[in-house]
There are 2 protein chains.
Amino acid sequence: MMLPPPRPLEQRIADTRARFAADMDTWVATAGADGPALVPLSFDWDGKAFVISTLPRSVTARNIADSGRVRLAFGPTRDVVTVEGTAERIPTAEVDAVADAYAAHTDWDPREQSEEYAWFRVTPRRIQAWREANELRGRDVMRDGVWLG
Amino acid sequence: MMLPPPRPLEQRIADTRARFAADMDTWVATAGADGPALVPLSFDWDGKAFVISTLPRSVTARNIADSGRVRLAFGPTRDVVTVEGTAERIPTAEVDAVADAYAAHTDWDPREQSEEYAWFRVTPRRIQAWREANELRGRDVMRDGVWLG
């Protein structure tokens, strides 16, 4: 199989930002006493962090409350973006400030559900982007919360 | 948005089995002392379990060695299959028995790498399959290792 040449860093960053702006869902992995959890959740990216929303009794919400550690995965498995981030709950008084943008982006508003949802802000610390094996080298596009480009 | 009607159980099982046979990669979530890990890995499905392979020094391999707990995710986020499974290392003497099928399915043979890879068998205990919100009810297609259909 002939692979295209590996994308330079600037292109990977541009592709990553474009994916964050365009995609509606992400895989969310968390860890707790029962091991790993992995669910798809809708998200909104404000340019610096992801906003996600789930039921407070869900395993994901409880794992985040315990540790705040989150991994996100975007894209098909041959055009991957992975994020290592820290999650914090958004106080109820601040939800409306993010929920309108979330609802506009995802076409779904958890505030209209009968159960109250919990909202979280996930701040990326490390981001990696690669397509095939020839892009494994140079896959870091953010480290310690700073874009490398 | 008009959604198609939810698929009945038998259709979800057929679609799930078809995806396991056709797909080459899966998202693999594990948990360890450093929180969750989430990576895409190639796999082969033999009808009962998944075979995956990764470097023994990888976080995923170390997390599996610690707990054996794995979550897998397949498909785009609006046509999801998730698997809760237990992973065990395949003894070196038994690798060749699974690696040929793995290499044929994934078009990649870890035995040709300079570093020796670790091989794992992931046995599903629970499988869920859903597309949109109207399929959340009835998403269990396997429980306690038994297909429900």
Side-chain angles (χ1 to χ4, degrees), chain A residues 1 3 23-43 52 55 58-60 63-64 66-87 106-108 110 112-113 122 125-126 128-133 135-136 139, chain B residues 1 3 23-43 52 55 58-60 63-64 66-87 106-108 110 112-113 122 125-126 128-133 135-136 139:
Chain A
M1 181 171 55
L3 296 177
D23 282 12
M24 286 169 59
D25 307 313
T26 180
W27 287 104
V28 179
T30 56
D34 290 335
L38 181 57
V39 294
L41 292 179
S42 294
F43 74 92
I52 59 175
L55 288 169
S58 68
V59 175
T60 295
N63 287 347
I64 289 176
D66 285 348
S67 80
R69 291 173 185 270
V70 171
R71 298 279 183 132
L72 307 177
F74 303 78
T77 52
R78 305 286 169 123
D79 185 12
V80 163
V81 177
T82 63
V83 171
E84 189 178 328
T86 53
T106 66
D107 205 23
W108 180 67
E112 295 172 357
Q113 300 295 307
V122 179
R125 303 301 305 166
R126 188 182 194 193
Q128 299 185 311
W130 74 98
R131 288 181 175 157
E132 299 276 353
E135 285 201 356
L136 286 174
R139 64 187 180 276
Chain B
M1 181 171 55
L3 297 177
D23 282 12
M24 287 170 59
D25 307 314
T26 180
W27 288 105
V28 180
T30 56
D34 290 335
L38 181 58
V39 294
L41 292 179
S42 293
F43 74 92
I52 59 176
L55 287 169
S58 69
V59 175
T60 296
N63 287 348
I64 289 176
D66 285 347
S67 80
R69 291 172 186 270
V70 171
R71 298 282 182 130
L72 307 178
F74 304 78
T77 52
R78 304 289 168 121
D79 184 11
V80 163
V81 177
T82 63
V83 171
E84 189 178 327
T86 53
T106 66
D107 205 23
W108 180 67
E112 295 172 358
Q113 300 295 308
V122 179
R125 304 300 305 163
R126 188 182 194 192
Q128 299 185 311
W130 75 97
R131 287 181 176 158
E132 299 276 354
E135 285 201 354
L136 285 174
R139 65 187 180 274

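By convention in this document, chain letters (A, B, ...) are assigned in the order of the sequence lines, proteins followed by strands, and residues within each chain are numbered from 1. Just so it is clear, the values below take in all heavy atoms, side chains as well, and ignore hydrogens, waters and symmetry mates. Everything numeric in this text was worked out from a predicted model, so none of it was measured.
Of the atoms belonging to A/Thr82, it is side-chain heavy atoms, and not backbone ones, that fall under 4.5 Å from chain B. Residue A/Val39: no heavy atom, backbone or side chain, is found under 4.5 Å from chain B. Interface remark: A/Leu41 contributes no atoms to any contact with chain B (heavy atom separation under 4.5 Å).
Contact of the B/Leu38 side chain with the A/Leu38 side chain is registered, since non-hydrogen atoms from C-beta on lie closer than 4.5 Å.
Without hydrogens or angle criteria, B/Arg69 side chain to A/Pro36 main chain gives no donor-acceptor distance under 3.5 Å.
Counting heavy-atom pairs closer than 4.5 Å to chain B, the top residue among A/Ala29, A/Gly68, A/Pro76 is A/Ala29. When A/Asp66, A/Asp34, A/Asp23 are compared by the number of non-hydrogen pairs under 4.5 Å with chain B, A/Asp34 comes out ahead.
Minimum interatomic distance between A/Gly75 and B/Trp27 (heavy atoms only, all atoms of both residues): O-CZ2, 3.9 Å. Pairing each heavy atom of B/Ser42 with each of A/Arg78, the nearest pair is OG-NH2, 3.8 Å.
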